[in-house]
Amino acid sequence: MPGKITKAVFPAAGLGTRFLPATKAAPKEMLPIVDKPMIQYAVEEAEKSGIKEFLIITGKSKRTLEDHFDSAWELEENLKRKGKKALLREIKRLNHFHFAYIRQKAPLGLGHAILCSKPFIKDESFAVILSDDIIDPDDDLLGEMIKLYEEHEGTILALQRVPKTERHRYGIIAGNKIKKNVYEITDLVEKPKPSAAPSDIAIIGRYILTPDIFKAIETTPPGKGGEMQLTDALKTLINNNIPVYGYLFEGKRYDAGDKVGYLKATVELALKHPKIKKEFRKYLLKTLRIIHK
Ligand code: UTP
């Protein structure tokens, strides 16, 4: 029996250049979608899938991430005094997670960020969540991936079909379908030119990794932009005949890593938010009517 997946790593030490200047002094992962920072969606998703221990890889200008999940005594007292019970519950809920933080001293790539988690992970398999890929809270992608891991005991990547025009932004897989929505991956190409993409299936920001990944990252030379790329290390696993599987996700993902994706995520999640959806929908419809005139 493979060990249970109880740990999740949230790499959050990137520079977030696509959001500058907003991310000059504040982490991208703290940008709010409606009323919650992106990292909180990610942490809540992991909790829903049974994860118990959370590691955030932080870097420069990332202190607010730690503050967000810390207790806030003065704020709590203030809300208590004012009788704002629902808000108080919401704020207090954030303190019950057990977090560890490791600082990535320089943004040397996602592979390097994951390598920084080695002292926390030791020799277990673990989940990795990129918080700017937001999975609709009604879906349970990570839960499905954990089930698949328990069946295959191997690396599991989350996959999604992407249109031709977007393939150059992702790692694209080649693989053999072994059952509905499950692939054994035979090759990966990072950000291919349209003619070089081996399929229309992209890797998205959820991974179940085995401890084999650490050696693979250590032994894989830096890739695009001189960064230690996770995709290159995954390719090393495949080249060494260590099985890598993919789970094709058919639910809703919001790619909030760039400005337009972030705005789409904000609009769609606002339209689902119980407190504002009605008013926001009315506003959107009115605005669209004006634009179409
Ligand atoms: P991205 O590719 O989105 O990079 O990283 P980024 O720096 O966040 O944003 P841009 O491209 O400059 O706009 C994917 C994830 O990996 C983390 C990021 O924080 C993000 O969650 N990451 C990336 C690190 O933790 N360390 C790195 O060195 C690079």
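Each residue takes its place number in the sequence, starting with 1. All ligand and atom numbering here is 1-based and tracks the order in the structure. Values below: every heavy atom of this structure, side chains too, minus hydrogens, waters and symmetry copies.
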**Study point:** Non-hydrogen atom of Leu108 closer than 4.0 Å to ligand 1
**Key:** yes
Review point. Can Asn78 and Lys82 be said to form a side-chain hydrogen bond (donor to acceptor under 3.5 Å, both in side chains), step by step?
Key: CA-CA 6 Å; Asn78 185 292; Lys82 291 182 177 153; 3.1 Å; yes
Contact check: [X] vs ligand 1, nitrogen or oxygen atoms, below 3.5 angstrom:
X: Leu130; answer: no
X: Gly257; answer: no
X: Leu110; answer: no
X: Gly109; answer: yes

Review point. Numbering the atoms of ligand 1 from 1, which are under 4.0 Å from a heavy atom of Ala12?
Key: 19 (O), 25 (O)
Review point. Is it true that atom CD of Glu90 has more than 12 heavy atoms of other residues, nucleotides or ligands lying nearer than 6.0 Å?
Key: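 No.
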Report, one line per pair, each donor and acceptor closer than 3.5 Å where one atom sits in a side chain of residues 188-199; sequence neighbours left out.
| unit_1 | atom_1 | unit_2 | atom_2 | d |
| --- | --- | --- | --- | --- |
| Glu190 | OE1 | Thr231 | OG1 | 2.7 |
| Ser199 | OG | Ile173 | O | 2.5 |
| Ser199 | OG | Ile201 | N | 3.0 |

One residue to check: [X]. Relative to ligand 1, which of side chain, backbone, both or neither has a non-hydrogen atom less than 4.0 Å away?
X: His112; value: neither
X: Ala113; value: side chain
X: Ile57; value: neither
X: Lys28; value: side chain

Check your understanding: Residues two or more places apart in sequence or in another chain: which of them pass salt bridge (Lys or Arg N to Asp or Glu O under 4.0 Å) with Lys278?
Key -> none
Check your understanding: Quick one: are the ring centres of Phe69 and Phe54 less than 6.0 Å apart?
Key -> no
